[in-house]
Amino acid sequence: MIRTNLTKVILLGVWSLVLPAAFTSCTDDHFDIPEESGSGGVATETLWSLLSSNPELSNFARIVEKTPYFKDEKHMIADYTFKNVLDGNNVLTLFAPDNTTFTQADVQEYEALLQSNPYDAYLRLVGNHISRNRYVASGLNPQGKPERVLFINNKKAHFDRQAKTIKDIPLTKTNISAVNGVMHIVAQPIPFSYNIYEYIRANKGYTLLNDWISRHDTLYFDADLSAVAGTDPETGEPIYVDSVYTRFNSLYYYSYQPNSVEWAMPHKGIAANIEQEDSIWAMVLPTDAAWEEAATKMRPWYNYAKAYYDMSKVDDMPKDNATSKSTMILNVSDVRQEDAIAMDIVSPLVFNVRMQRRTKEQPDFWTVETFLKNPMPKLFDTRTDTFMIDKEGSEDVRKLLFEDKQPIQVSNGLIYPVEHWNYPLTYNALNVEVKVTPYAIFQHVRYNLTDAEIKDTEHYQYMSHYEHPGINNSSDLAKKYGIVSKDGSFMSFYRASGEPQVAFKLRGSDEDHQILSGTPYEIGIVLVPDFYRNSQDPEEDPDAIKKNRLTVTVTYIENDDPIKEKTTANLKWTNPETMSTTSYIDYQGQKVDTLWMDDILTFPYSYRNLPKAYPTIKIASNRITSSLQKQGYQTRFNVDRIILRPKQSNEE
């Protein structure tokens with residue numbers, strides 16, 4: 001999640017130009033300054049002096065002198081290049097290619113790149129040949145194996161001090177000591193390979209993806225890791241000679257809390273650090289055209305209202321009053337919409353190659369080679385979502401998601417550029433399932449009242465009493481008449497007199513399982529037979545079967561047209577208009593059964609990502625006459641869960 005850039009640079013360079021007297025010596029023990037070269041001589045020159053004075057290294061030195069230093073890719077330091085870095089107090093190891101392998105043609109290529117993309121030039125060449133600390137090519141390898149060197153561009157390579165190689169490239173001359181480090185001459189430029197993050201940033205065609213990822217970058221100065229040379233006599237502030245900047249990307253988490261008052265619910269991340277060099281990821285890269293194609297499909301799902309009722313303000317009210325709906329959530333709909341779309345596009349893009357499900361053909365952790373060689377009927381993304389073409393698993397899902405393309409191999413995995421958005425719509429438009437529990441009840445304080453509270457109609461609105469029984473799903477009764485979801489629990493609603501009713505919050509338990517706009521939903525109520533309360537088998541007692549006639553009403557926002565208040569110039573909103581859709585259900589009470597509302601309902605406004613705004617669904621018993629009682633009807637009813645099923649899920 002965290003990436004640390006080259007330390008010991010920025011403020012030293014800036015201050016050394018302004019206050020050169022502050023750095024007249026190099027006695028700070030933070031710098032492991034060598035006193036002798038590999039040949040036994042005393043080091044008297046800086047790395048830059050050694051590099052620039054060697055005619056065999058002139059081509060590389062020319063690019064070093066012109067390559068600017070960056071805090072990160074968006075923040076270049078003016079008038080400060082890697083000449084200053086190599087001439088400063090930072091303890092570094094420099095691996096320099098000579099003119100026979102880094103030719104004049106290479107110089108021209110990198111000079112052109114410095115004009116068009118200086119950060120890329122730094123990343124691919126200079127940053128790939130400098131590491132922090134001093135690595136000497138003599139003696140034995142620590143712990144009997146090559147060391148891992150971290151270059152300042154965050155690439156890693158094995159340094160074998162016995163074999164005198166870096167990334168298996170021979171060092172033709174070693175241990176040229178400087179006052180601020182050591183230089184080795186390498187037989188050829190050290191090969192560079194982008195990681196996934198760098199590839200997205202460096203290549204055209206992924207602007208929208210790159211914007212969303214880089215938008216989550218935060219660069220900050222780490223005072224704890226930075227070295228202090230002294231104190232400014234005027235301000236009393238510390239003077240740093242070793243400045244550490246760390247870039248943090250919140251998108252790499254599974255979820256994260258955005259800095260926005262409009263978003264109270266965590267954003268979805270990708271749950272993968274796509275800069276981490278030790279990982280093996282496979283990532284789908286949607287081009288800008290593919291991104292726009294996906295956004296066009298998703299935009300109708302995220303039609304946000306200008307105002308929503310803050311349902312949390314009324315959830316604990318024992319009775320409606322004049323101010324019960326006066327507090328609303330205000331939001332900026334266009335910003336929220338594009339953020340929601342970006343989350344849905346990006347969150348399923350990354351797959352951990354090593355952690356794909358093991359098979360008979362691949363009993364161990366996956367590698368790039370086995371991932372490419374073997375069929376993949378299922379893929380699990382880093383958010384644990386499963387993708388497959390058919391339930392039988394007969395087809396390779398990469399044909400769909402990756403457009404059956406050969407990947408581009410990068411330093412930390414595989415990338416699959418795609419021209420179209422190939423994820424099924426059902427990945428985003430999910431079933432919304434409400435498990436009926438006391439926590440799912442809207443305005444729960446209106447239930448299970450005492451007799452005194454029921455009579456106190458001035459302060460209380462009585463809905464019903466409830467019980468929370470359950471059934472053993474392994475029992476013969478459940479096997480015969482149907483299981484109840486999850487732990488077998490359900491809720492039973494009743495009144496001593498009158499008709500019981502209950503309202504539920506119409507929202508799922510997971511962040512993605514919320515209602516989308518523009519999506520036709522079938523709405524079903526899963527009812528439980530009354531004989532489950534007492535574990536009676538109706539084959540033994542037919543009178544145990546009780547029927548219900550119920551009215552089901554869904555209430556949601558229909559209109560949010562703004563008006564301007566006369567007393568202020570600011571736009572305010574009147575109470576959004578609500579709409580109710582009602583169906584009548586006749587339940588025969590013979591088994592666990594899902595009864596569907598008559599209408600397929602399309603909500604005009606989205607509720608996803610809004611934790612305090614949601615529609616409600618009310619289930620109320622109809623009045624049962626004596627004639628209906630004789631037919632086995634009663635007012636008590638039992639509910640397991642409520643299901644909203646997107647209609648398109650039946651079509652795919």
Quiz item: So, N210 side chain and Y206 main chain: donor-acceptor pair closer than 3.5 Å or not?
Solution: no
Self-check item: Nearest heavy atoms of P191 and N128, plus distance in Å
Solution: O-ND2, 3.2 Å
Exercise. Would you check if there is a donor-acceptor pair between the side chains of R608 and Y302 at a distance under 3.5 Å?
Key: yes
Quiz item: How far apart are the closest heavy atoms of D396 and I389, and which atoms are they?
Solution: O-CD1, 3.4 Å
Self-check item: Electrostatic pair D217:R201 at N-O distance under 4.0 angstrom
Solution: no
Practice problem: Considering non-hydrogen atoms only, spot the tightest contact between N175 and A137 and give its length. | Solution: OD1-N, 2.8 Å
Quiz item: Are L86 and T46 side-chain neighbours, meaning at least one heavy-atom pair lies under 4.5 Å?
Solution: no
Practice problem: For the pair N412 and Q276, evaluate side-chain hydrogen bond (donor to acceptor under 3.5 Å, both in side chains) and give the outcome as yes or no after the intermediate values. | Solution: CA-CA 7 Å; N412 60 347; Q276 189 168 305; over 6 Å; no
Quiz item: Any Lys/Arg nitrogen of R215 or D339 sitting under 4.0 Å from an Asp/Glu carboxylate oxygen of the other?
Solution: yes
Quiz item: Do side-chain atoms of D288 reach the backbone of L208 as a donor and acceptor pair under 3.5 angstrom?
Solution: yes
Quiz item: Is a side-chain donor or acceptor of S279 paired with a backbone partner of W281 at a separation under 3.5 angstrom?
Solution: no
Exercise. State whether the side chain of N84 and the backbone N or O of T81 hold a donor-acceptor pair below 3.5 Å, judged by distance alone.
Key: yes
Exercise. May I ask you to establish whether R398 and F371 are in a cation-pi arrangement, using a distance under 6.0 Å from NZ or CZ to the six-membered ring centre and at most 45° from the ring axis?
Key: yes
Quiz item: Between E198 and K155, is a salt bridge (charged side-chain N to carboxylate O under 4.0 Å, His left out) present by the stated rule, with each step listed?
Solution: CA-CA 11 Å; E198 293 162 346; K155 299 296 177 181; 2.7 Å; yes
Self-check item: Gap between atom NE2 of H420 and atom OG1 of T287 - 0.5 Å precision
Solution: 8.0 Å
Quiz item: Once you round to the nearest 0.5 Å, how far does NZ of K268 lie from CZ of R383?
Solution: 6.0 Å
Quiz item: How many angstroms lie between atom OG1 of T93 and atom OH of Y135, to the nearest 0.5 angstrom?
Solution: 7.0 Å
Quiz prompt | Atom of A61, atom of W48 and distance for their closest heavy-atom approach | solution = O-CH2, 3.6 Å
Quiz item: Looking just at side-chain N and O atoms, do N195 and S411 make a donor-acceptor pair shorter than 3.5 Å?
Solution: no
Exercise. Using a strict cut-off of less than 4.0 Å between a Lys/Arg side-chain nitrogen and an Asp/Glu carboxylate oxygen, indicate whether R124 and D120 qualify as a salt bridge.
Key: yes
Practice problem: Please lay out, stage by stage, how T103 and D106 fare under the test side-chain hydrogen bond (donor to acceptor under 3.5 Å, both in side chains). | Solution: CA-CA 5 Å; T103 65; D106 296 316; 3.2 Å; yes
Practice problem: Using atom types as modelled and distance alone, determine if a side-chain donor or acceptor of K405 lies under 3.5 Å from a backbone N or O of V418. | Solution: no
Quiz item: Does the N180 side chain pair with the main chain of G88, one donor and one acceptor, at a distance under 3.5 Å?
Solution: yes
Self-check item: W366 side chain to R357 backbone, donor-acceptor under 3.5 Å
Solution: yes
Quiz item: ring pair (Phe, Tyr, Trp, His ring centres under 6.0 Å) with H216: which of Y197, Y253, Y256?
Solution: Y256
Quiz item: What is the distance from atom NZ of K156 to atom CG of N154, rounded to the nearest 0.5 Å?
Solution: 8.5 Å
Quiz item: Within a radius of less than 6.0 Å around NZ of K173, do more than 12 heavy atoms belonging to other residues, nucleotides or ligands occur?
Solution: no
Quiz item: Taking the side chain as C-beta and beyond, is there a heavy-atom pair between V284 and P348 under 4.5 Å?
Solution: no
Quiz item: Within a strict 4.5 Å, meaning less than it, do heavy atoms of the L251 and V346 side chains meet?
Solution: yes
Practice problem: Count the heavy atoms belonging to other residues, nucleotides or ligands that lie under 6.0 Å from CD of E56, then report whether that count exceeds 12. | Solution: no
Quiz item: Has the side chain of H184 got a donor or acceptor atom that lies under 3.5 Å from a matching backbone atom of K164?
Solution: no
Quiz prompt | Shortest non-hydrogen contact between L209 and P286, atoms and distance | solution = CD2-CD, 4.0 Å
Exercise. Taking the six-membered ring for Trp and the single ring otherwise, decide whether the centroids of Y194 and F192 are under 6.0 Å apart.
Key: yes
Quiz item: With distance as the sole test, does N141 use its side chain to make a donor-acceptor pair with the main-chain N or O of G144 at under 3.5 Å?
Solution: no
Practice problem: Walk me through it: do F402 and L379 pass the test side-chain contact (heavy atoms from CB on, under 4.5 Å)? | Solution: CA-CA 11 Å; F402 302 164; L379 279 177; 3.8 Å; yes
Quiz item: Does a side chain donor of either T367 or T370 reach within less than 3.5 Å of an acceptor in the other side chain?
Solution: yes
Practice problem: Tell me, yes or no, whether the heavy-atom count around D168 atom CG, taken from other residues, nucleotides or ligands under 6.0 Å, exceeds 12. | Solution: no
Practice problem: Please assess T174 against R161 for the test side-chain contact (heavy atoms from CB on, under 4.5 Å), listing each intermediate value before the final yes or no. | Solution: CA-CA 10 Å; T174 62; R161 61 172 61 187; over 6 Å; no
Quiz prompt | Straight-line distance of Q162 CD to T165 OG1, nearest 0.5 Å | solution = 10.0 Å
Practice problem: Decide yes or no on side-chain contact (heavy atoms from CB on, under 4.5 Å) for T101 and V186, but give the supporting numbers first. | Solution: CA-CA 9 Å; T101 56; V186 290; over 6 Å; no
Quiz item: Is N59 reaching over with its side chain to a backbone N or O of V107, donor-acceptor style, under 3.5 angstrom?
Solution: no
Quiz item: Can you tell if the side chain of Y416 reaches within under 4.5 Å of the side chain of L285, non-hydrogen atoms only?
Solution: no
Quiz item: Can you tell me how far CD of E293 sits from CD1 of I345, rounded to the nearest 0.5 angstrom?
Solution: 10.0 Å
Quiz item: Do Q104 and R62 have side-chain heavy atoms sitting under 4.5 Å apart?
Solution: yes
Self-check item: Minimum heavy-atom distance between P97 and L57, given as atom pair plus value
Solution: O-CD2, 3.7 Å
Quiz prompt | Stepwise side-chain contact (heavy atoms from CB on, under 4.5 Å) check, L400 with F387 | solution = CA-CA 10 Å; L400 172 65; F387 296 93; over 6 Å; no
Quiz item: In a check of ring pair (Phe, Tyr, Trp, His ring centres under 6.0 Å) between F82 and each of F60, Y122, F70, which one passes?
Solution: Y122
Quiz item: Are S58 and N99 close enough, and set up right, to give a side-chain hydrogen bond (donor to acceptor under 3.5 Å, both in side chains), and what steps lead you there?
Solution: CA-CA 7 Å; S58 60; N99 293 350; 3.0 Å; yes
Practice problem: Report yes if some heavy atom in the side chain of F151 is under 4.5 Å from a heavy atom in the side chain of S131; otherwise report no. | Solution: yes
Quiz item: Any side-chain heavy-atom pair from E292 and W421 closer than 4.5 angstrom?
Solution: no
Practice problem: Could you tell me whether F95 and H129 have their ring centroids closer than 6.0 angstrom? | Solution: no
Quiz item: Any side-chain heavy atom of V136 sitting closer than 4.5 Å to one from R134?
Solution: yes
Exercise. For E403 and N422, test the side chains for any donor-to-acceptor distance below 3.5 angstrom and give the result as yes or no.
Key: yes
